[in-house]
Q: 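Got a structure here, written out as structure tokens. Questions coming.
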Amino acid sequence: MNFNEELICWYRKHKRDLPWRDNRDAYRIWLSEIILQQTRVEQGMPYFYKFLDAFPRVEAFAAASEDEVLRLWQGLGYYSRGRNMLKTARKVVADFEGIFPDNYDDLLKLVGIGDYTAAAIASFAGGQAKAVVDGNVYRFLSRYFGIATPINSTAGKKEFQAVADELLDAHNPGEHNQAMIEFGALQCKPKNPDCSVCPFMAGCYAYHHNAVDTLPKKVRKLKIKERYFLYHLIKNQYGELVIKRRPNTDIWAGLYDMPVFEHSETDDPVVIAVQVHKVFKKVYPLSPVSAPVKHILTHQRLFVRFIEHQVLKEDVVLQNGWMWVNAADLAQYGMPKIIFDFLKKVIN
DNA sequence: TAATCGTGGGG
DNA sequence: TCCCCAAGATT
């Protein structure tokens, strides 16, 4: 058997039974592909069902509000994916008569769909001969062919795409692509792959050169920034609290949260709290500042603290989008996971 | 183009 | 505890 025959053989024997697999519905595949960007299958699965249930067809998605989409997306991270999906759903309804595109060039015009996702939908749904290169494929190709070019460099992206293009089975691109991805996910895993049962052991560069643990190469990532957030839980006598939709820039764009002061590490949170206290005209009972909760992101470390203010609704004039929301209704708003989890604990 | 965008699991 | 990184895209 040649490489591709071996790959398909392995795939048919080992592939997982996934709800978006083995169909050619571009909308359904699109849903899964966006959700699975930088996201593990186990983490994305419940969201796939949630979105398919809420929006069985692209028309339903297009009719949703951005707040509704972000609420459904809550907890999945990379929220721009959700906002971009809504734009794309509306464009598909407006410009494609509600028929989700399944060819590469049309797909690339849709926001939130890049090289990988366009190739995935085009090959899975449209049967088009476009090779996908995702993290799994990078790893597999890098190890098997012994390619040490960093996968997150411009040169690396070009080189790996070319290798994948060359390898693609143009007569069976959808299954070939899924097999490449699945092989990287299940067999050629990032950590501790079991090479003893690998069908490609004989031809694998990394296996024979003791490089499985060092490939693929990646250029060093930048240093992590630290940010310090002091959140204010402003509650009134009616069990309401102050929230606002975040701007479309910075972290958690478009989600809702409470008034927050960002400060530097050297700032003493107690001092900050006193300063904040002066912002309010009257002297209110002030809860102690909570211990910082560490929140580790890919490129940031957030240290989030909370302080509570009990106020009289009549004494506070809200403007600039700030609003009172009943604590019981918080679930209707899309909020950052760490904020929502904290509120759930505090409110109950 | 390099930086940015979340959350969760595993070594 | 800390670091990696996962079905990437955007600006």
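Predicted model only: the values in this text are computed from it and were never measured. Proteins come first, then strands; the chains are lettered A, B, ... in the order of their sequence lines, and each starts at number 1.
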Q: Taking only N and O in the side chain of A:H295, is any of them less than 4.0 Å away from OP1 or OP2 of B:dT7?
A: yes
Q: Strictly by modelled atom types, are A:D67 and A:Y256 linked by a side-chain donor-acceptor pair under 3.5 Å?
A: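 The answer is yes; a qualifying pair exists.
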Q: Assign each of A:L108 and A:E33 to its nearest nucleotide of DNA chain C by heavy atoms, then name whichever residue's nucleotide is nearer the 5' end.
A: A:E33
Q: Has A:Q38 got a side-chain N or O lying under 4.0 Å from the OP1 or OP2 atom of C:dA6?
A: no
Q: Nearest of C:dA7, C:dC5, B:dG11 to any side-chain atom of A:N192?
A: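 The nucleotide sitting nearest to the side chain is B:dG11.
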Q: What contact category does A:G77 fall into here, base, sugar-phosphate, or nothing, at under 4.0 angstrom with non-hydrogen atoms?
A: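 Contact class for A:G77: base.
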Q: Tell me whether the count of non-hydrogen atoms from other residues, nucleotides or ligands lying under 6.0 Å of NZ in A:K15 goes above 12.
A: yes
Q: At less than 4.0 Å, is any side-chain N or O atom of A:Y79 found next to OP1 or OP2 of B:dT7? Yes or no.
A: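 Checking B:dT7 against A:Y79, a side-chain N or O does come within under 4.0 Å of OP1 or OP2.
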Q: Tell me whether the side-chain N/O atoms of A:R139 come closer than 4.0 Å to OP1 or OP2 in C:dC5.
A: no
Q: So what does A:G44 touch, heavy atoms closer than 4.0 Å: a base, only the sugar-phosphate, or nothing?
A: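 Nothing: the residue A:G44, judged by heavy atoms under 4.0 Å, touches no strand.
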Q: Counting any heavy atom closer than 4.0 Å, what does A:I251 reach on the DNA or RNA strands: base, sugar-phosphate only, or nothing?
A: sugar-phosphate
Q: When all nucleic acid strands are considered with a 4.0 Å heavy-atom cut-off, which category describes A:T39: base, sugar-phosphate, or nothing?
A: base
Q: In whole Å, I'd like the distance from the CZ atom of A:R21 to the P atom of C:dA7.
A: 11 Å
Q: Please tell me whether A:F183 and A:F200 form a close aromatic pair, meaning their ring centres lie under 6.0 Å apart.
A: yes
Q: Over how many whole Å does the gap from A:F124 atom CZ to C:dA7 atom C1' extend?
A: 8 Å
Q: Distance check needed: C:dT10 P versus A:Y116 OH, whole Å only.
A: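 One finds 14 Å between P of C:dT10 and OH of A:Y116, rounded.
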Q: Less than 6.0 Å separating the ring centroids of A:Y78 and A:W73?
A: no
Q: Starting the side chain at C-beta, find the nucleotide from B:dC5, B:dG6, C:dA6 nearest to A:H299.
A: B:dC5
Q: Could you tell me whether A:F306 and A:Y231 have their ring centroids closer than 6.0 angstrom?
A: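 Yes, the ring of A:F306 comes within the 6.0 Å limit of the ring of A:Y231, centre to centre.
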Q: For A:L36 and C:dA9, what is the distance between atoms CG and P respectively, to the nearest whole Å?
A: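 Taking CG of A:L36 and P of C:dA9, I get 12 Å after rounding.
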Q: Looking at A:K157, I'd like to know whether one of its side-chain N or O atoms comes within less than 4.0 Å of OP1 or OP2 on C:dG8.
A: no
Q: How many whole angstroms separate atom CG of A:D213 from atom P of C:dC5?
A: 12 Å
Q: Within the structure, does a side-chain N or O atom of A:K225 lie under 4.0 Å from either OP1 or OP2 of B:dA3?
A: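 Answer no for this pair, as no side-chain N or O of A:K225 is under 4.0 Å from OP1 or OP2.
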Q: Using a heavy-atom cut-off of 4.0 Å across all strands, would you classify A:I29 as base, sugar-phosphate, or nothing?
A: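 Answer is nothing: A:I29 stays at 4.0 Å or more from every strand.
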Q: If you check the A:N84 side chain, which of B:dG8, C:dT10, B:dC5 turns out closest?
A: C:dT10
Q: Quick one: A:K218 NZ to C:dA6 P, roughly how many Å, whole number?
A: 6 Å
Q: Over how many whole Å does the gap from A:Q74 atom CD to B:dG8 atom P extend?
A: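 Result: 11 Å.
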Q: Between B:dA3 and C:dC4, how far is it from one P atom to the other, in whole Å?
A: 16 Å
Q: With P as the reference atom in both, quote the distance from C:dT11 to B:dG6 in angstrom, rounded to an integer.
A: 14 Å
Q: Tell me what A:V111 touches on the nucleic acid: a base, only sugar-phosphate, or nothing, going by heavy atoms under 4.0 Å.
A: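 Sugar-phosphate contact only - A:V111 comes under 4.0 Å of backbone atoms but never of a base.
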Q: State yes or no: are the ring centers of A:F96 and A:Y27 separated by less than 6.0 Å?
A: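 That pair fails the under 6.0 Å test.
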Q: When you measure from the side-chain N and O atoms of A:W252 to the phosphate of B:dT7, is any distance below 4.0 Å, counting only OP1 and OP2?
A: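 Yes, within the criterion.
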Q: Out of B:dG8, B:dG11, C:dG8, which has the shortest distance to the side chain of A:K191?
A: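 Of all the options, the side chain of A:K191 is nearest to B:dG11.
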Q: Relative to the 5' end of DNA chain B, which residue comes earlier, A:T154 or A:I296, by the nucleotide with the nearest heavy atom?
A: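 Its nearest nucleotide being more 5', the pick is A:T154.
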Q: Check every strand shown and say whether A:W20 touches a base, only sugar-phosphate, or nothing at a heavy-atom separation below 4.0 Å.
A: base
Q: Would one find a side-chain N or O of A:R301 under 4.0 angstrom from OP1 or OP2 of C:dC3?
A: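 It does, given that an N or O in the side chain of A:R301 lies less than 4.0 Å from OP1 or OP2 of C:dC3.
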Q: Nearest to the A:E182 side chain among B:dC5, C:dA7, B:dT7, which nucleotide is it?
A: C:dA7
Q: Measure from CG on A:L76 to C1' on B:dG8 and round the result to the nearest Å.
A: 11 Å
Q: Kindly indicate whether the side chain of A:W10, heavy atoms from C-beta on, has any atom under 4.5 Å from the side chain of A:L186.
A: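 SC-SC contact between A:W10 and A:L186 confirmed.
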Q: Indicate, with a heavy-atom threshold strictly under 4.0 Å, whether A:T117 touches base, sugar-phosphate, or nothing.
A: sugar-phosphate
Q: Expressed in whole Å, how much space separates the P atoms belonging to B:dT4 and C:dA7?
A: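 Pairwise P distance, B:dT4 against C:dA7, rounds to 24 Å.
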Q: Using a cut-off of 6.0 Å, state whether more than 12 heavy atoms not belonging to A:K91 lie near its atom NZ.
A: no
Q: Would you say a side-chain N or O of A:K294 is under 4.0 Å from OP1 or OP2 of C:dC2?
A: yes
